[in-house]
Amino acid sequence: MKNKTFQSLTNPLAKNNPVLVQILGICSALAVTTQLKPALVMGLSVTAVCAFSNLVLSLLRNGIPDRIRIIVQLVVIAALVTIVNDILKAYVYDVSKQLSVYVGLIITNCIIMGRVEAFALSNKPLPSLLDGIGNGLGYGAVLVIIGFFRELLGNGTLLGYQVIPNCLYEAGYVNNGLMLFPPAALIIVGIIIWVHRSTNKDLQEK
Amino acid sequence: MSKKGFLGGKDSNAYIVFYSTVMVVIVAILLAFTYLSLKPAQDANILNEKKDAIVASLGLEKGSYDSTIEAYVVNKEGEVIQTEVSPLNKLFDLPASFAAGEYPVFENKTTGEVVFPLTGKGLWDDIWGYIALEADLNTIKGAIFDHAGETPGLGAEIATAKFQAQFPGQTIYEGSNLVGIYVVKGGAQGAAHSVDAVTGGTKTSEGLQNMIKDCLDCYDAFIMGRTAVAFELVETVNAE
């Protein structure tokens, strides 16, 4: 039992990763990953929303009328996203400007409603909370990997600090402009999925 | 008939109406509370952003606003007037301030360079900006523009450094006539008071041109007053 609870946290990080295996949340993975910092903040925001929406809806699960359950889910998720958006605006204003509409669009992120529908409404609060954290972190981890490569190869910086030494530029190295466009994110997602599947043989379709 | 529980059970209409009402009220209270408690911090951020935009148009470092800028409000006749709201806070609703005939001015205390805020309409929504003039109040030192909802890649290009880099060095007066800056479709080709319009952003470019002219018009008397004083000073010095 203990083990199973723990698995709801760790499974989405690798074996059942929402982006890599369930292919959810791709849109925002393309949009907010040109730099590492917004990718990090977005990952944390989604984790917070996913965790709390799972927790709240799991606590409410026995009282929610079946006919309006999607509406109830949306109200809870939308309220949480609005709160997260307000917090970002108050404490990390520059990042919230970079993320612009994508914070609001967390509401429509399939991962969150998907987890609520598939997990929280039929499980106890603690495993639901862990499942939410796990899925949020699984999504965030992929975002951070994409953001890392896009910022490194596209700008030569990480979190705004220059990491590619000037002597390389003088030797003729140039930043890859493609990395700053959405297709690059898709290519990187593809490569990550490829690596992920070759290391997890049981995920490969026959 | 057996008793079905509170309001006739989980799937009765009465229960659903009751449930949604309670839920919406709770959520509304929660959101109102968050909004009100975070509003001061958010406003401070927005104000800081405006301060940084003002000093950025002067080519100064971020955060140098408080030490370099003196802000005041002038009227259509160019006289400094007292207002209830501080000049900086006027920027929260600049269109209303312009409509009321109160025009904020941000002056660099040491160099006499002056920044005017601008507000206008693009194609879809509001556009705004800051235009910094050299101490002669004719040559542009720098310009910053931003927008609420212009088309990315087209009209939204007015917010890029590349577009704004065309402004420094341009003059806004032809003799004593305020002409502003022409945003020329097809390219300025070095003509006076002109910059290249944004390709595919004709309406936004027109909006920008009108914004610069209309807003600077409001400061015309102020600029004239200032330069006339400077001119007289030069005259008296020469006469002596």
Side-chain angles (χ1 to χ4, degrees), chain A residues 30-32 34 41 45 48-49 52-53 55-57 59-104 107 116 121-122 155 160 177 180-183, chain B residues 4-53 56 62-63 92 124-125 128 144 146-153 156 159-160 162:
Chain A
L30 306 188
V32 301
T34 44
V41 174
S45 307
V49 173
F52 284 109
S53 62
L55 176 67
V56 171
L57 286 158
L59 285 169
L60 295 176
R61 72 187 187 285
N62 293 325
I64 298 173
D66 219 32
R67 276 190 283 163
I68 59 162
R69 71 172 199 288
I70 303 278
I71 298 172
V72 175
Q73 291 167 15
L74 268 179
V75 170
V76 171
I77 294 168
L80 286 168
V81 169
T82 311
I83 293 172
V84 166
N85 198 7
D86 272 341
I87 293 175
L88 292 183
K89 269 191 200 154
Y91 297 111
V92 276
Y93 187 70
D94 53 328
V95 180
S96 95
K97 279 210 89 175
Q98 267 178 305
L99 291 172
S100 65
V101 296
Y102 291 99
V103 179
I107 297 171
V116 169
L121 287 186
S122 50
N155 278 331
L180 301 177
F181 291 99
Chain B
K4 278 186 155 181
F6 181 60
L7 291 174
K10 218 169 87 171
D11 287 314
S12 74
N13 289 341
Y15 180 80
I16 289 177
V17 171
F18 174 77
Y19 193 94
S20 351
T21 314
V22 172
M23 177 179 70
V24 166
V25 169
I26 292 176
V27 168
I29 293 171
L30 199 66
L31 289 184
F33 176 75
T34 324
Y35 176 78
L36 287 177
S37 49
L38 293 176
K39 188 95 172 54
Q42 292 176 357
D43 283 350
N45 284 333
I46 294 169
L47 209 59
N48 261 331
E49 190 192 24
K50 292 185 187 305
K51 286 179 174 178
D52 283 342
K62 276 185 179 181
F92 275 107
W124 305 114
D125 209 332
W128 62 91
I144 300 249
D146 211 344
H147 62 95
E150 297 309 297
T151 319
T160 59
K162 188 173 166 240

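Values in this document were obtained by computation on a predicted structure and should not be read as measured data. Lettering follows sequence order; numbering is per chain, from 1.
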Original post:
Are side-chain heavy atoms of A/L60 and B/Y19 found at a separation under 4.5 Å?
Top reply: yes
Original post:
Is there a side-chain contact between A/K89 and B/D43 (heavy atoms, below 4.5 Å)?
Top reply: no
Original post:
Has A/F181 got more than 12 heavy atoms of other residues, nucleotides or ligands less than 6.0 Å from its CZ?
Top reply: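 Atom CZ in A/F181 is not packed in, count stays at 12 or less.
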Original post:
chain A: which of B/N48, B/N45, B/L30 shares the most heavy-atom pairs with it under 4.5 Å?
Top reply: B/N45
Let me know if [X] has heavy atoms under 4.5 Å from chain A in its side chain, its backbone, both or neither.
X	answer
B/L31	side chain
B/D52	neither
B/I26	neither
B/S37	neither

Between atom [atom1] of [X] and atom [atom2] of [Y], what is the distance when rounded to the nearest 0.5 Å?
X	Y	atom1	atom2	result
B/D146	A/K97	CG	NZ	5.0 Å
B/T34	A/L80	OG1	CG	10.0 Å
B/I16	A/I64	CD1	CD1	12.0 Å

Subject >> CA sep, side-chain torsions, deciding dist, call: A/I68, B/M23, side-chain contact (heavy atoms from CB on, under 4.5 Å) >> reply: CA-CA 12 Å; A/I68 59 162; B/M23 177 179 70; 5.7 Å; no
**OP:** Determine the option with the most heavy-atom pairs under 4.5 angstrom with chain B, choosing from A/V72, A/I71, A/D66.
**Re:** A/V72
Subject >> Closest-packed option against chain B by number of heavy-atom pairs under 4.5 Å, given A/T82, A/D94, A/I87, A/V75 >> reply: A/V75
Original post:
Closest heavy-atom contact between B/Y15 and A/G63?
Top reply: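 Minimum heavy-atom contact is OH-O, 2.6 Å.
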